[in-house]
Amino acid sequence: MHDHPRRARIILAVLLLASVTVITVAFRESAGGPVDRLQRVAVGLFGPLQQGVSAVVRPVGGFFGALTQVGGLRGDNRRLKAEVDRLRAQERTYQDLLTENDQLRGTLNMARRCGCRTVGATVVARSGSSFQWSVTIDAGSRQGIAPDMAVVDAQGLVGRVVAVAGGYSTVLLIVDPGSGVAASLARTRTAGLLRGGGSGPLGFEPVQAGTQVKVGDAVVSQGYQGGIFPQGIPIGVVERVGPTAGGLVQTVAVRPYADVATLDVVAVVVGRPPVPPPPAGSARTGAGGR
């Protein structure tokens with residue numbers, strides 16, 4: 001049993017001595033010596049084998065190296081996606097502000113057009129049921145709003161206030177079937193009554209029989225003493241003209257300028273200039289006109 005450690009020490013000493021001898025000979029001998037030739041033979045024999053092993057091992061090493069980077073790449077992707085989402089949200093917010101600014105400018109211009117004093121508001125809720133076509137705005141009695149005040153947007157007349165609370169109001173839209181607006185043709189100043197048609201076009205009923213109405217005629221509000229709507233607010237354009245079943249009164253379909261389905265920024269008319277005298281034959285527009 002004691003021979004094994006002794007034998008191991010002898011073998012180790014012999015290997016060390018042989019290594020020192022080979023190193024010394026390799027250092028002292030010139031090129032082309034026995035050791036140099038032996039090294040060349042070893043390189044020639046084992047070089048191709050090392051190359052093949054390296055070709056096999058390198059992709060495997062690259063694969064495992066890539067696996068260690070997957071976590072970092074996923075984190076980078078999450079950060080980049082979050083940054084893209086943030087930039088897109090910022091762009092949408094910027095575009096929304098531009099759109100709202102344009103709507104506000106248009107609404108103010110419409111108010112100036114009639115010389116009216118207005119209070120701005122935003123639509124916060126809408127009702128497009130078969131019972132009532134209306135919207136709720138975020139301005140009420142605290143802002144000086146009262147029932148039977150006209151409401152406009154950048155395109156034209158929207159409706160009138162029918163109910164008021166402290167900070168909110170309900171606006172009955174001109175498209176509501178129960179709505180009636182005193183109106184006139186801008187081209188001829190012929191008066192008539194404009195009725196809501198719900199999801200369909202508005203209906204214009206001229207006061208005078210035989211009134212000449214053309215497709216493309218603009219329809220504006222007809223102001224009168226004691227009425228609700230200011231004079232000359234754009235309402236819509238005639239898109240179809242035809243006789244009724246009886247052939248006595250024309251059926252005039254009017255497409256409103258204001259898109260009540262997308263209302264956002266509006267203005268409530270809280271003050272307006274005196275109404276000019278009405279043209280001959282248009283003092284009254286029939287029942288229901290405001």
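The first residue in the sequence is number 1, and the count goes up from there. What's counted below: heavy atoms across the whole structure, side chains too, no hydrogens, waters or symmetry copies.
Under the 4.5 Å side-chain heavy-atom criterion for grouping Ile, Leu, Val, Met, Phe, Trp and Tyr, Met149 is connected to Val135 within one hydrophobic cluster. In the hydrophobic cluster analysis, where Ile, Leu, Val, Met, Phe, Trp and Tyr join through side-chain heavy atoms closer than 4.5 angstrom, Phe204 is grouped together with Ile233. Linking ILVMFWY residues whenever their side-chain heavy atoms come closer than 4.5 Å, directly or via other members, places Val254 and Val241 in the same cluster.
Using a 4.5 Å heavy-atom cutoff, the side chains of Val266 and Val152 are not in contact. Between Tyr168 and Val124, the closest side-chain pair of non-hydrogen atoms falls below 4.5 Å. Put simply, the side chain of Val162 does not reach to within 4.5 Å of the side chain of Ser134, judged on heavy atoms. Counting heavy atoms from C-beta on, the side chains of Ile145 and Val270 come closer than 4.5 Å. Annotation: side chain of Asp264 is in contact with side chain of Thr122 (closest heavy-atom distance under 4.5 Å). Counting heavy atoms from C-beta on, the side chains of Ser169 and Val164 come closer than 4.5 Å.
Applying the salt bridge (charged side-chain N to carboxylate O under 4.0 Å, His left out) test to pairs two or more places apart or on separate chains, none has a residue in residues 219-228. Sequence neighbours left out, the pairs with a member in residues 211-230 that pass salt bridge (charged side-chain N to carboxylate O under 4.0 Å, His left out) are Arg187-Asp217.
Taking both residues in full, the closest heavy atoms of Ala218 and Tyr257 are given as CB-OH, 3.7 Å, listed atom of the first, atom of the second, then distance. Summarising the geometry of Leu172 relative to Gln132, their closest heavy-atom pair is CD1-CG, 3.6 Å, with the distance given to 0.1 Å. Annotation for Gly120 and Ala139: closest pair O-CB, 4.3 Å, computed over non-hydrogen atoms. Between Val213 and Pro206, the shortest heavy-atom distance links the atoms CG2-CG, 4.3 Å. Closest heavy-atom contact between Leu263 and Val123: O-CB, 3.8 Å. What you find for Ala186 and Val220 is that their closest heavy atoms are CB-CG1, 4.2 Å.
Atoms CG and CD1, on Asp148 and Ile228 in that order, are 3.5 Å from each other to the nearest 0.5 Å. Taking CZ from Arg160 and CD1 from Ile174, the interatomic distance works out to 12.0 Å, rounded to the nearest 0.5 Å. Annotation: the span from Gln231 atom CD to Ser221 atom OG amounts to 6.0 Å, rounded to 0.5 Å. Once rounded to the nearest 0.5 Å, the distance linking CZ of Arg240 with CZ of Arg255 reads 12.5 Å. Atoms CZ and CH2, on Arg126 and Trp133 in that order, are 11.0 Å from each other to the nearest 0.5 Å. The OG atom of Ser127 sits 9.0 Å away from atom CG of Leu173, with the distance rounded to the nearest 0.5 Å.
Environment of CD in Gln212: sparse, with no more than 12 heavy atoms of neighbouring residues, nucleotides or ligands closer than 6.0 Å.
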| task | Check the pair Leu202, Val175 against side chain to side chain contact (heavy atoms under 4.5 Å, CB included), reporting the backbone distance first and the verdict last. | result | CA-CA 6 Å; Leu202 306 174; Val175 300; 4.1 Å; yes
| request: Test side chain to side chain contact (heavy atoms under 4.5 Å, CB included) on Phe229 and Val181 and set out the steps. | output: CA-CA 8 Å; Phe229 302 104; Val181 180; 3.8 Å; yes
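At least one donor-acceptor pair closer than 3.5 Å links the side chain of Ser141 to the backbone N or O of Ala165.
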